[in-house]
Amino acid sequence: MIDSKIVDPAAAGGEENNEEASRHFIHEMIDEDIAEGGRFAGRKVHTRFPPEPNGYLHIGHAKAIVIDFGTAEKYNGLCNLRMDDTNPSKEDVEYVDAIKEDIHWLGYDWGDRFYFASDYFPKMFDYACELISKGLAYVCEQTAEQIREYRGTLTEPGRPSPYRERPAEESLDLFKRMRAGEFADGSKTLRAKIDMSSGNMNMRDPVIYRINRAHHHRTGNEWCIYPMYDFAHPIEDAIENITHSLCSLEFEDHRPLYDWVIANITSPGNPRQIEFARLGINHTVMSKRKLRYLVENDVVSGWDDPRLPTLGGLRRRGYTPASIRNFCDRIGVSKVNSTVDYAFLEHCLREDLNETANRMMAVLRPLKLIIDNYPADKTEWFEIENHPAYPEAGTRSVSFSRELWIEADDFMEEPVKRYFRLFPGNEVRLKTAYVIKCTGFVKDDNGNVIEVHADYDPLTRGGTTPDGRKVKGTIHWADTNTALDAEVRLYSNLFSVADPDSAEQDYLECLNPDSLEVLTGCKIECSLADLKPPANFQFMRQGYFCLDNKDSSEGHLVFNRSVSLKDSFKPNK
RNA sequence: UGGGGUGUCGCCAAGCGGUAAGGCACGGGACUUUGACUCCCGCACUCGUAGGUUCAAAUCCUGCCACCCCAGCCA
């Protein structure tokens with residue numbers, strides 16, 4: 001087959017060019033850090049991908065994954081996979097395996113370095129005690145509302161909590177009793193003592209521990225206090241000896257707090273946080289909240305609905321890991337809020353599938369073609385190439401007889417300008433079979449064309465023209481005697497507007513009512529009889545399709561259109 | 001009115017004082033047993049804006065403008 005054309009992402013050779021292309025500001029910073037005299041001189045670059053197990057991964061995560069794992073790969077370093085499970089109220093094991101599966105599917109592996117933030121709860125507790133002892137944290141008894149009030153606003157400084165100057169011993173005692181479960185949820189917090197008048201809201205004595213009697217998916221009921229992200233994350237990174245903690249832009253003003261924690265505990269490491277812009281793609285939404293709404297309200301069929309930008313959805317749609325990796329590489333990494341054209345993602349898929357997908361013939365909207373001068377009881381078998389560019393991809397046999405299915409729009413009673421398919425009197429080539437000339441057509445009572453008639457030229461067997469005459473159009477077909485029935489699902493943008501996140505309107509009002517078109521009674525060439533997913537191929541002249549990994553069965557074939565072929569035919573020109 | 005960021009072609013994005021890469025999209029053409037692929041050609045006298053420094057600025061300096069993020073006991 002054509003497997004030899006598939007580039008192994010781990011193969012050093014193929015990476016060369018990508019390394020050049022994907023060099024960006026983060027790599028420049030890392031270069032400085034590992035250079036002589038740099039912050040991490042002589043150290044191995046070590047990154048991590050830290051998803052919170054509270055939802056499914058989407059293409060935005062894929063960008064982060066490619067940056068985290070790709071950077072480690074580039075520098076011959078390591079990348080850990082770490083579940084950032086510090087909030088039991090929102091997290092669930094349900095997601096853990098799905099996340100691991102998606103990352104593996106993308107082509108990355110974390111070796112034996114799979115961790116949970118919750119594994120570090122004991123150490124975090126100790127670090128919190130250290131902070132308290134140093135007078136850098138205190139137990140606060142203000143209510144959530146009071147804390148908010150005292151925090152001030154963006155333009156006014158905050159006021160100190162009345163518990164701010166409580167003696168360290170008292171805070172330490174209280175904190176231990178918090179952990180022991182002596183106090184009600186929400187009644188007390190542990191706060192870092194930093195600066196209530198800082199222009200950076202994150203530094204106004206941020207809460208670093210809260211009481212929450214929620215069942216944790218791993219630690220059960222062992223803890224009733226849980227660390228906050230700003231306190232936990234730098235510690236997680238430090239414990240794992242991460243050198244570069246890469247995250248998205250909104251954490252930029254959390255960095256001073258990240259550094260404060262590292263600077264004030266007896267830290268086992270000194271990770272550096274670097275932020276980059278998250279990925280946006282037009283005509284879709286990326287927020288977990290909105291995706292969840294679409295799934296839970298049956299706007300789509302599930303987290304793996306082929307219209308969703310989730311990795312499960314893209315996989316089911318027929319996207320290949322290589323195409324997604326390549327997309328992430330090519331969009332670049334910067335600090336500019338940006339929205340990439342959906343067309344670019346599609347381009348990356350076409351580019352990959354054009355090389356790797358075998359060609360097949362399928363008639364999506366069948367119209368009967370009768371070749372009147374072809375014997376009614378005859379059947380011929382043609383050997384058709386699987387890939388025009390790669391003979392090594394082999395051939396397959398396709399039957400041909402007097403009655404065929406052709407695409408409804410490959411015939412026009414009255415052709416538009418520059419139409420060179422079938423119309424009365426015109427010649428067209430049936431791919432790999434014969435050149436035929438349209439002799440007439442039949443309409444039903446409603447005026448719909450239900451049958452097209454033609455004569456074939458026996459001298460053109462194989463589709464060649466011994467006399468050298470030009471036949472401009474070549475169309476695909478399926479033998480009515482052997483074609484298989486199939487259901488084909490055509491997808492287009494889930495949202496009809498480019499920016500459904502815009503405040504101009506409600507995203508739910510912008511749903512594209514035609515994002516899914518289900519075609520039944522499609523006629524597929526017989527060689528497609530026994531397939532098993534994943535199977536990507538091109539339906540000639542139409543697009544790239546794959547077998548649906550959920551709804552397709554032996555007796556009921558279901559195909560998803562991954563992406564259409566480009567079409568430069570403009571009827572109105 | 002505070003703090004943190006960002007502004008280079010319709011969309012991404014190089015550029016790091018020496019006179020605007022590349023990709024996508026788009027338009028034109030060649031080739032074609034997929035109107036696909038491939039291949040040519042075109043596509044920012046200009047880098048948010050106004051000044052300044054310099055022989056020379058997208059790159060340095062100053063002011064202004066626009067947009068994004070921050071007031072969870074979410075991450």
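A note on names: the letters A, B, ... follow the listed sequences, proteins ahead of strands, and every chain is numbered from 1.
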- Message: Give me the distance, rounded to whole Å, that separates B:A50 from B:C12 when you measure between the P atoms they each carry.
- Response: 23 Å

- What integer number of Å spans the P atoms of B:C65 and B:G23? 38 Å

- Item | Under-4.0 Å salt bridge between A:R469 and A:D457 | yes

- Message: Strictly below 4.0 Å, N to O, side chains only: are A:E240 and A:R82 in salt-bridge contact?
- Response: yes

Return yes if a side-chain donor-acceptor contact under 3.5 Å exists between [X] and [Y], otherwise no.
{"X": "A:D341", "Y": "A:N282", "result": "yes"}
{"X": "A:N386", "Y": "A:R396", "result": "yes"}
{"X": "A:E525", "Y": "A:S527", "result": "yes"}

- Query: Touch check for A:F344, heavy atoms < 4.0 angstrom, all strands: base, sugar-phosphate only, or nothing?
  - Reply: sugar-phosphate

- Task: Specify the separation, in whole Å, of atom CD of A:Q542 and atom P of B:U34.
- Result: 15 Å

Of the listed nucleotides ([options]), which one gets closest to any side-chain atom of [X]?
{"X": "A:T155", "options": "B:U1, B:G72, B:A36", "answer": "B:U1"}
{"X": "A:L154", "options": "B:C73, B:G2, B:C24", "answer": "B:G2"}
{"X": "A:R541", "options": "B:A13, B:G35, B:G27", "answer": "B:G35"}
{"X": "A:E28", "options": "B:U1, B:C12, B:C16", "answer": "B:C16"}

Restricting to nitrogen or oxygen on both sides, can you table the protein-nucleotides 4-6 of chain B pairs closer than 3.5 Å?
from: B:G5; atom 1: O2'; to: A:E252; atom 2: OE1; distance (Å): 3.4

- Item | hbond_proxy A:K472 side chain to B:U32 base (donor-acceptor, 3.5 Å cutoff) | yes

- Message: Looking at A:T339, I'd like to know whether one of its side-chain N or O atoms comes within less than 4.0 Å of OP1 or OP2 on B:C11.
- Response: no

- So, is A:R210 close to the B:C74 phosphate, meaning a side-chain N or O under 4.0 Å from OP1 or OP2? yes

- Query: Backbone N or O of A:Y163 within a donor-acceptor pair of the A:S161 side chain at under 3.5 Å?
  - Reply: yes

